[in-house]
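Written below as structure tokens is the structure these notes are about.
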Amino acid sequence: MNYAIISDIHSNYDALSAVLADILRSRVDRVICLGDIVGYGAEPQKCLEAVKGLTTWTVAGNHDYAAIGKMPLSFFNINARRAAEWTATVLSPAERRYLAALPLQRHISAGDHELVAVHSTPSRPEEWHYILSIDEAEYQFEQFPQPVCLIGHSHQPVFWQLSAKGECSIVGKEYLRLERNRRYIINCGSVGQPRDGDPRACYALCDSERMEVVVRRVEYNVAAAQKKIVRAGLPPRLAERLAHGT
Ligand code: ZN
């Protein structure tokens with residue numbers, strides 16, 4: 001089974017449509033979406049429609065909940081807050097209901113793979129912590145039973161591994177060969193607002209038979225996405241950062 005893992009689209013339909021075209025060329029059976037469909041960008045409705053139509057398994061991100069008042073905006077910086085407030089003004093009642101019903105995490109059987117999918121962390125996902133250190137990754141490995149956990153949230157692709165001896169390490173950011181006696185936390189990066197210095201849209205493809213995960217980078221029309229952000233009256237910084245992938 002081939003599946004695509006997308007996350008942190010952030011209302012960037014220019015990036016999402018380029019990624020979906022790339023996914024279609026890759027003969028994917030299923031799409032898993034790890035949340036933050038909305039927030040920051042100017043096309044939340046088009047992104048929601050596309051995700052609803054194409055993904056089988058979707059979980060909520062903090063920006064999805066923030067846009068519908070399911071999470072307080074006090075945790076956000078000023079630009080994220082303004083974007084969430086703006087997003088709230090354009091969503092329809094049906095779109096709000098869709099976001100409100102998204103679960104925080106899902107347990108998935110994808111081919112031979114038993115997975116947990118979550119936006120932030122398997123432990124207390126509603127607190128929206130980040131996995132950025134070995135210590136944090138090590139702790140999170142104790143919080144889920146499956147061999148593989150899929151995450152987003154940091155907007156940076158990275159593969160964490162727990163060896164059979166219990167040693168935790170980073171084993172790559174672009175390509176991963178899954179070994180049966182090891183466990184993994186896989187961050188698939190961000191479709192609509194990458195923050196690893198590469199402005200191209202980012203997502204991951206997994207082939208469960210070949211036991212491979214590949215991070216894909218896809219060029220898209222950054223200038224078009226930027227123009228829409230400025231035209232919507234959203235903070236200019238949200239447009240600028242797309243050019244640098246920061
Ligand atoms: Zn995000």
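Whatever order the structure lists them in is the order used to number ligands and atoms, beginning at 1. Numbers for residues simply follow the sequence, beginning at 1.
The name of the N, O or S atom in D36 nearest to the Zn ion (ligand 1) is OD2. Nearest N/O/S atom of D8 with respect to the Zn ion (ligand 1) is recorded as OD1.
Side-chain atoms of D36 and S7 form no donor-acceptor pair, as typed in the model, at a separation below 3.5 Å. Under 3.5 Å, the side chains of S133 and E136 contain no donor-acceptor pair of N or O atoms.
The Zn ion (ligand 1) has no N, O or S atom of H119 inside 2.8 Å of it. Among the atoms of H10, an N, O or S atom falls under 2.8 Å of the Zn ion (ligand 1).
Under the 3.5 Å distance criterion, the side-chain polar atoms of D22 are left unmatched by any main-chain donor or acceptor of V218.
Looking at heavy atoms from C-beta onward, T56 lies out of side-chain contact with Y3 at the 4.5 angstrom threshold.
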